[in-house]
> 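I'd like to ask you about the structure that follows.
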Amino acid sequence: MAGRSLAYLTTLSTDQVKGIGPRSTKRLTENGIESVADLLLHVPRRYLDRSQLFDLSDVPLNEEATIGGTVLSVRKRRISRGRTMIDAQITDGTNVITAIWFNPYLRIAEGTEVVLSGKVERFRGRLQIKSPDMARLEADSLLTGRVVPIHPSAGGLSPTKMRASIHNALKRSRPVSEVLPPEMLRRLRLVGRDRAIGDIHFPEAESDVEPARRRLAFDELFRLEIALALRKRLQIDEATGIVHDPSAQIVGRFVDALPYRLTAAQRRTIDEIQGDLASPHPMHRLLQGEVGSGKTVVAVAALLTGIQSHYQGAVMAPTEVLAEQHYFGIRDLLIDAGLGPDQLDPTGGAGTTSLFSTNEGSAVGIKMALLTSNSAEVNFLPSGTVKRAEVLAWIESAEIDLVVGTHALIQEGVAFSRLGIAVVDEQHRFGVYQRVQLREKAEGYDPDLLIMTATPIPRTLAMTLYGDLDVSVLDEMPPGRSPVKTVHKTKHPADLEEVYELVRGETAGGRQAFVVCPLVEDSDVLEAASATAEYDRLQDVFPHLRLGLIHGQLRPADKDGVMHRFRSGEIDVLVATTVIEVGIDIPNATVMVIEDADRFGLSQLHQLRGRVGRGPDQATCVLVAEPSTPEGEERIAAMVATTDGFRLAEEDLRIRGQGTVFGTKQAGAKDLKLADILRDTDLLIEARNDAFALVAADPNLDDHPAIRDEVRAMLGSDVDWLFRS
Ligand code: ADP
Ligand code: MG
């Protein structure tokens with residue numbers, strides 16, 4: 001196909017464009033515009049349609065409108081706090097309007113023709129428009145069409161300069177070659193790429209914009225889905241997994257020893273996982289399950305399957321507090337099942353298995369270690385008696401079967417000799433990058449991976465972020481739980497007194513409460529201080545109750561001590577920061593008070609609420625909030641309205657937008673500029689179907705080299721490993 005490919009244009013520096021010098025190139029690069037291709041995909045933020053100009057005599061007030069006229073006079077003056085204000089009188093012959101900007105660099109001269117867009121207001125009887133978007137007509141010979149593009153400024157280039165630069169970049173680049181087969185363009189009713197890139201910047205009419213945007217958005221989604229399809233294929237075809245024996249006796253033994261019966265959903269999920277483990281392909285499974293649905297035992301069943309085949313297991317949690325809970329929790333479950341250290345008799349006596357015999361023939365069981373940045377423990381020696389270096393050495397020599405730690409476990413220099421199964425708890429954003437790191441922990445094969453999350457993933461996200469994972473859903477709660485009741489209270493003394501009464505009532509009945517203190521953004525120290533102050537204050541409110549305090553500044557051993565006392569019922573009310581946000585499991589706690597709840601994000605609130613309602617008793621979550629923003633109000637309303645995590649996740653995506661949902665390390669994240677996965681769901685599904693079909697038919701993209709080059713060029717180093725053949 002004729003023309004220059006987008007892949008080629010990613011190799012052209014922006015200083016190849018007329019009007020862009022080395023200084024601008026440097027600043028553009030700093031702003032993420034690294035090549036001519038990036039410049040061409042720097043699309044207008046809006047368009048001013050000159051055929052839609054209003055006369056000043058009948059312009060609608062207080063809504064978006066576009067107007068045009070001649071500049072009569074300009075004034076520039078300093079106002080308070082060193083700011084500069086520019087105001088200009090502009091007329092179109094029917095009336096006069098004052099335009100105001102607070103941008104000291106704005107250039108506007110008497111006598112020029114301008115087009116402005118923004119909200120027109122009436123102020124002291126006169127028309128006024130504040131910080132409108134502006135195009136200067138005479139200075140700008142490009143504005144011959146009816147529609148004026150307004151590009152976001154970047155790297156010191158104003159919208160006007162940007163418009164001129166992109167115009168030159170288009171001249172340098174066009175025609176841009178097509179990558180999609182003609183059949184696909186027809187079937188999906190997509191305009192050609194060259195036309196799309198031209199029209200998005202300089203449309204003849206505003207109606208040309210949407211087809212252009214749709215095409216370019218499709219391209220973004222298609223590249224991402226191609227990358228996912230390739231990755232999935234690599235996982236299936238080329239990765240070497242471990243074939244575990246799913247009939248592991250110790251799993252049955254563990255399940256039989258549990259103090260409850262597994263739910264049907266837990267049993268089904270364990271079967272799905274064991275199917276993966278028995279197959280020669282490495283497992284890449286996402287386990288979604290509402291807070292409290294019982295993911296931990298599912299994970300332990302998976303880990304035991306691997307351990308029985310003499311592989312090591314790793315559990316990674318997002319916080320130290322949760323890692324510690326998992327370590328002690330799993331340790332005790334193993335003891336109950338008779339699988340603890342020295343409980344298994346290698347001679348086969350007492351109905352045990354001989355799987356864990358050592359050469360010396362001494363009795364051994366499953367050896368566990370806890371490893372966080374601050375603590376190291378093993379389950380076969382007294383607490384506090386081992387050194388970190390010893391634990392690391394035992395992991396490396398496979399003396400230890402199961403390691404529990406924070407997510408840092410795979411990043412730090414922890415060497416495993418036989419890592420079989422890795423479980424990542426409570427992190428649905430476990431990126432591709434981390435998955436690659438995990439692979440590097442094992443030589444010659446790929447460990448099985450189970451990612452667990454209580455954050456339900458809307459379908460659209462599941463198709464992008466996790467398009468290459470298998471998914472299991474724990475869609476059933478253990479029996480006897482009733483949904484947490486959620487109420488909103490203000491800080492009015494009468495309201496607060498009701499909250500305190502609730503806490504007194506529940507604790508009098510032997511139950512326990514959490515009080516979560518306000519979030520202090522980006523400062524653990526301030527957050528700890530505010531929690532400490534609240535703890536002191538609540539001592540006076542609850543003089544007869546036993547209060548505890550936990551925050552991120554405590555030493556790990558102290559955190560551990562506090563959690564231990566709360567768990568064993570020696571503390572009635574735990575005053576906490578968000579260190580207890582995820583995973584903490586205290587079934588006896590029935591009250592969760594969240595102060596200044598409007599400051600937390602929805603998924604955080606949902607997680608915090610999930611700390612209660614984990615036992616048979618009715619639990620209450622109190623949101624103390626006087627929201628100062630509409631978003632804060634929306635979040636509180638959503639929490640009161642539903643306990644359904646899935647609905648909350650969709651609401652969250654709606655309120656926050658997709659930008660914050662993708663981690664920076666996600667392949668393709670920075671590539672989604674035009675596509676909006678909520679609005680473009682249909683496009684996303686089409687892109688996914690076509691991408692997966694294409695890769696199925698042409699696994700190495702040998703017949704589609706242009707697509708292959710483009711994915712590699714546009715998604716950059718994030719997808720390099722897909723192509724190392
Ligand atoms: P999450 O899915 O939030 O990680 P956990 O694994 O921490 O949930 O389990 C929540 C609580 O439910 C724990 O106290 C656990 O012991 C209990 N639990 C798990 N499975 C069952 C079950 N099948 N029946 C009763 N209780 C269960
Ligand atoms: Mg959990």
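For the numbers below, each heavy atom of this structure counts, side chains included, while hydrogens, waters and symmetry mates do not. Counting starts at 1 for both ligands and their atoms, in listed order.
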> Using a strict 4.0 Å cut-off to heavy atoms of L262, name the atoms of ligand 1 that fall inside it.
23 (N)
> Under the rule for ring-ring contact (aromatic ring centres under 6.0 Å, His included), what residues qualify as partners of Y327, not counting sequence neighbours?
none
> Within the distance-only criterion (no hydrogens, no angle test), does the side chain of T305 pair as donor or acceptor with the backbone N or O of A301 below 3.5 angstrom?
yes
> Please report which non-hydrogen protein atom sits nearest to atom 9 (O) of ligand 1, along with the residue it belongs to and the distance in Å to one decimal place.
G294 CA, 3.6 Å
> How close does the nearest protein non-hydrogen atom get to atom 10 (C) of ligand 1, and which residue and atom is it?
R614 NH2, 3.4 Å
> Among all protein heavy atoms, pick the one closest to atom 20 (N) of ligand 1 and tell me residue, atom and distance.
Q266 NE2, 3.0 Å
> Looking at T263, which atoms of ligand 1 are within less than 4.0 Å of one of its heavy atoms?
23 (N)
> Compare all side-chain heavy atoms of F416 with those of E396 and state whether any distance is below 4.5 angstrom.
no
> Heavy-atom distance under 4.5 Å between the side chains of L547 and L545, does that happen here?
yes
> Please list the nearest protein heavy atom to atom 6 (O) of ligand 1 with its residue and the distance rounded to 0.1 Å.
T296 OG1, 2.6 Å
> Taking only non-hydrogen atoms of R481, do any sit less than 4.0 angstrom from ligand 1?
yes
> Which residue pairs satisfy the salt bridge (charged side-chain N to carboxylate O under 4.0 Å, His left out) criterion with at least one member in residues 545-559, sequence neighbours excluded?
R546-D572, R555-D558
> Which protein heavy atom lies closest to atom 1 (P) of ligand 1, and at what distance to 0.1 Å?
K295 NZ, 3.4 Å
> With heavy-atom distances below 4.0 Å as the criterion, list the atoms of ligand 1 near P587.
14 (O)
> Answer whether the closest heavy-atom distance between the side chains of F514 and V573 falls below 4.5 Å.
no
> Among all protein heavy atoms, pick the one closest to atom 3 (O) of ligand 1 and tell me residue, atom and distance.
G292 N, 2.7 Å
> Check this for me: does any side-chain nitrogen of one of D276 and R285 sit under 4.0 Å from a carboxylate oxygen of the other?
yes
> For S293, state whether at least one heavy atom is located under 4.0 Å from any atom of ligand 1.
yes
> To check your reading of the model: name the closest protein heavy atom to atom 21 (C) of ligand 1, its residue, and the distance in Å.
Y260 CE1, 3.2 Å
> Taking only non-hydrogen atoms of R261, do any sit less than 4.0 angstrom from ligand 1?
yes
> Can you find an N or O of V291 that's nearer than 3.5 Å to an N or O of ligand 1?
no
> List the closest protein heavy-atom neighbour of atom 14 (O) of ligand 1: residue, atom name, distance to the nearest 0.1 Å.
D585 OD2, 2.6 Å
> Does R599 pair with D596 as a salt bridge, N-O distance under 4.0 Å?
yes
> If you measure every N or O of V297 against every N or O of ligand 1, does any of those distances drop under 3.5 Å?
no
> Taking only Lys NZ, Arg NE, NH1 and NH2, and the carboxylate oxygens of Asp or Glu, determine whether R268 and D475 approach each other closer than 4.0 Å.
yes
> Got a second to check how far S279's OG is from Q274's CD, nearest 0.5 Å?
12.5 Å
